[in-house]
Amino acid sequence: MSVMRLPVLVWRDHAGLYTAAVVEQPDTAAVGTSAQECLSQLRHYLTWLQRNRPWEFPDVDTLDPKLVRLQVEVRPEYVIGRQRHPAAPIYLTVPCVHGKLATELHVCSIPPLRLWFSFHDVDKLKELAAHYVREAMQGKSPQQVAEYLNAAEYELDEVLVTGAQQKEARETRRYEALETVAEALGERAMRRQYSRAWEREVEIQSLSERVKRDRANILLVGPPGVGKTSVLASAVREIERQIDGEEERRRFWLTNGSRLIAGMRYLGQWEERLESVIAELATFQGVLCIENLLELVSMGGLGATDSVGAFIVPYMNHRELQVIAEATPEELEACRRLLPGLADSFQILSVEAFDAARAIRVLDRIAQAGARNHRVETGNDVVESVFRMFRRFRPYDAFPGKAAAFISGCVQRAVSNKSNVVAPTTVIERFVDETGLPELLIRDDVPLSEQEVIDHLSSRVIGQDAACRTAAGVITTFKAGLNDPGRPLGVLLFSGPTGVGKTELARSISDYLFGHGSVRDRLVRLDMSEYSGHGASERLVSDASGGPSEFIKRMRSQPFCVVLFDEIEKASPDVFDMLLGVFDEGRLTDRFGRVTTFQSSVLILTSNLGAGREGGMGFGEQQGTDYDAEVMRFFRPEFYNRLDGVVAFAPLKEEVIRQIAAKELRELTKREGFAKTGVSLSWDEDVAALVARAGYDRRYGARPLQRALEELVVTPIARELAARPETAMKNLHLSLGADGRVQLKWS
């Protein structure tokens, strides 16, 4: 047993509270009403830490620590967007604890700011400390800087911890760096996370032999969901089954690019961590398993050449590091383009998608395993139903992938409902909940007439029968299974003046097709005027850090949706070029090879092209504007030819405006104020005519109608209901008075 002395900085703030922080690990701190209380807290915690988690115990390397106080001028800033506005300078008194290491290197710690740095020349201490303090305060407002203003007093003290020598304690943790960034695939808890790789005996055997015999770097290549990780986990089980001893089974370590660099803020930190990881793996011929190869290329530096992938290539080529990674074909192609040396370091092992027969066998075995574990029966009709739905409605998902997870979820739902059988109706209900598709589209035995769809859409979009008929054709084609599985469900361009129902029809299609699951809002709307100018196509798919944009994130989490590209003519030509592939193949691939699918989506573009010509207003008789010709004139032929249809919206006639006004009055009764009081609403036809006249505008079509409704009808009703809360379960009738205003009458 030995006694370790840890230097501790103690300071008192102006409120009278004390803080004590370990100099060599400033994050380890305690707060109390006295210095002795803080030191006692630290002593108890550090004693427990040394005995139970010795690898986290602070280093005790600083010799002869000294406390000095330095005055540092910092300049706060107000940050508004991308602009910085400097404020008046503030002088901070910062406590610096500096000493020397056994290597003759000097170190300095500033615990209140959680700063620690090393240096060679002790005469540079003040200059370096000022530099790091200003860097820590950069971008902070005066209020934030005020939190670090001078404390009342500082004192350098120490905490004594009794225990084993730190070096000996640390030897109990053999894989300190590895366990920080990776998980051992051989551990029982990790093995349970991955199901058996059914029907993959050939791939498992090939991977096992290459790893054991050749110590090669292997890249598993296959589409998403094909089972690459399951193949890896099964091969690890096969290899480690032949190894004696529990400790030796910690040979394969699974991680990803994000974990490898997590928490590394300063230059050279993640490189140092990776060197430690590689050194630890080398002591027992360990294998580093990477979940996504492309992450190694996109993380760690400003470009591929200074990324994590570029760092490990020399170690792989010199056989100092063995790696097994996963990638899709698109990601492998992107890696070859961005960092060819990394791709060339691997042997390729293809994991192909299953054909129909093998996919059904695998899904059946997964269902049987779930039945054995949970005593829930799943018949062949359930497996075949799941296979049919995924092949029909999600043709881009490889088997078993999400279909296997879907069957497991159905079994879990049956267990939760205390049922001993998974019925086909349960499968359909779960599929409806996930995709939002209505049951009448999923089930082949339920008929659907085109007129039924037209009537539904026309009830919401009044006066646009031709547009509703075109949209209904897309839905009935999808119902019949005659849509091209390699393209979006439909690519339509809605053209016409503003305020005639283009956006409302897009919303109606979204509600009809995808509004039946747990997520009802499946309309993704993009204002294309935001995607004009230089770099617009990159902004559409990526955020500022190079990750997926919010649009791409939503599409990946919710592929069953309607995407509305509003005012498409305002977008950059680069965006048009990017959308060509989306329209033609239903896929969007970014520069890192990440694929987003649109094959379960309806893509709708809106345009006002030609609306400014004569007869192109939103109200009145059509004067012959040829919107199709305007679209052909504006877009290139290859763009126009990929559209399934150009739907011209007619200007609204007076009778249509009245029908829309009546519809809005009916929608008014669904608002909360009517629902909670039970008041019903009726009106004379001349009230609807008044709202229609007031809401008409030649330039904006029916858009001002809602504003007129609020002013002429909603506001008087709101005053009446607020003044008479006792009028429950009565009828309120609207009529037109002699003064031309809406009159209210109770009955």
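Residue numbers start at 1 and run along the sequence shown. Every value quoted in this text rests on a predicted model; they were computed, and no experiment measured them.
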Go through the side-chain N and O atoms of Arg587 and Thr597 and say whether any donor and acceptor fall under 3.5 Å apart. no
Looking just at side-chain N and O atoms, do Ser495 and Glu630 make a donor-acceptor pair shorter than 3.5 Å? no
Output yes when [X] and [Y] qualify as a salt bridge under the 4.0 Å nitrogen-oxygen rule, no when they do not.
X      : Y      : answer
Arg365 : Glu199 : yes
Arg539 : Asp574 : no
Arg642 : Glu638 : no
Glu352 : Arg200 : no
Arg487 : Asp644 : yes

Test of understanding: with ring pair (Phe, Tyr, Trp, His ring centres under 6.0 Å), list the residues that count as partners of [X], not counting sequence neighbours.
X      : value
Tyr396 : none
Phe565 : none
Phe635 : Phe576, Phe639

Would one find more than 12 heavy atoms of other residues, nucleotides or ligands at under 6.0 Å from atom CZ of Arg391? no
Crowding at CE, Met632 (>12 non-hydrogen neighbours, <6.0 Å): no
For [Y], is there any backbone N or O sitting under 3.5 Å from a side-chain donor or acceptor partner on [X]?
X      : Y      : answer
Ser234 : Val231 : no
Ser607 : Leu609 : yes
Ser557 : Arg554 : yes
Asp433 : Glu429 : no
Asp511 : Gly515 : no
Ser416 : Gln412 : yes
Lys228 : Gly222 : yes
Glu280 : Val277 : no
Ser549 : Leu540 : yes

Over all heavy atoms of both residues, which pair between [X] and [Y] is shortest? Give the atoms and the distance, please.
X      : Y      : answer
Val575 : Ser537 : CG2-N, 3.9 Å
Asp543 : Pro548 : OD2-O, 3.7 Å
His516 : Leu513 : CD2-O, 4.3 Å
Ser408 : Ile366 : OG-CG2, 4.1 Å
Lys502 : Gly496 : NZ-O, 3.2 Å
Leu254 : Arg259 : O-NH1, 4.4 Å

I'd like to check the salt bridge (charged side-chain N to carboxylate O under 4.0 Å, His left out) partners of [X]; sequence neighbours left out, ordered by chain and number.
X      : value
Arg413 : none
Arg443 : Glu439, Asp445
Arg522 : none
Arg114 : Asp27

Under the side-chain contact (heavy atoms from CB on, under 4.5 Å) rule, collect the residues that match up with Ala403, sequence neighbours excluded. Leu363, Val386, Phe390, Phe399
Using 30° and 60° as the class boundaries, would you call the ring planes of Phe311 and Trp270 parallel, tilted or perpendicular? perpendicular
Aromatic ring pairing Phe431/Phe393, orientation class (parallel under 30°, perpendicular over 60°, tilted between): tilted
For a 4.5 angstrom cut-off between non-hydrogen side-chain atoms, does [X] reach [Y]?
X      : Y      : result
Leu274 : Tyr315 : no
Ile475 : Leu489 : no
Arg358 : Trp198 : no
Val563 : Leu603 : yes
Val181 : Arg273 : yes
Pro395 : Gln599 : yes
Leu293 : Ile290 : no
Arg430 : Phe406 : yes

Restricting to pairs with a member in residues 558-569, which pass salt bridge (charged side-chain N to carboxylate O under 4.0 Å, His left out), not counting sequence neighbours? Arg525-Asp566, Glu567-Lys570
Assess whether salt bridge (charged side-chain N to carboxylate O under 4.0 Å, His left out) is satisfied between Arg460 and Glu504, documenting all intermediate values. CA-CA 8 Å; Arg460 294 192 45 179; Glu504 182 61 26; 3.3 Å; yes
Provide the full list of side-chain hydrogen bond (donor to acceptor under 3.5 Å, both in side chains) pairs with a residue in residues 295-307, sequence neighbours left out, each pair given once. none
Once side-chain hydrogen bond (donor to acceptor under 3.5 Å, both in side chains) is applied, what residue pairs with a partner in residues 476-486 remain, sequence neighbours excluded? none
I'd like to know whether Val491 forms a side chain to side chain contact (heavy atoms under 4.5 Å, CB included) with Leu605, so could you lay out the CA-CA distance, the side-chain angles of the two residues, the decisive distance to 0.1 Å, and finally the verdict. CA-CA 8 Å; Val491 182; Leu605 298 72; 4.2 Å; yes
Identify the residue among Asn292, Asn256, Thr229 that makes a side chain to side chain donor-acceptor pair (under 3.5 Å) with Glu326. Thr229
Checking Leu281 against Leu321 for the side chain to side chain contact (heavy atoms under 4.5 Å, CB included) test, could you report, in this order, the C-alpha distance in whole Å, the side-chain angles of both residues, the deciding distance, and whether it holds? CA-CA 8 Å; Leu281 287 169; Leu321 173 66; 3.6 Å; yes
Side chain to side chain contact (heavy atoms under 4.5 Å, CB included), that's the test. Do Leu232 and Ile324 meet it? Break it down for me. CA-CA 8 Å; Leu232 172 60; Ile324 301 175; 3.9 Å; yes
Please tabulate, for the side chains in residues 338-351, all donor-acceptor contacts under 3.5 angstrom to protein atoms that are two or more places apart in sequence or on a different chain.
unit_1, atom_1, unit_2, atom_2, d
Ser345, OG, Asn317, OD1, 2.9
Ser345, OG, Gly341, O, 2.9

Checking Glu331, Glu538, Glu333 against Arg591 for salt bridge (Lys or Arg N to Asp or Glu O under 4.0 Å), the one that qualifies is Glu538
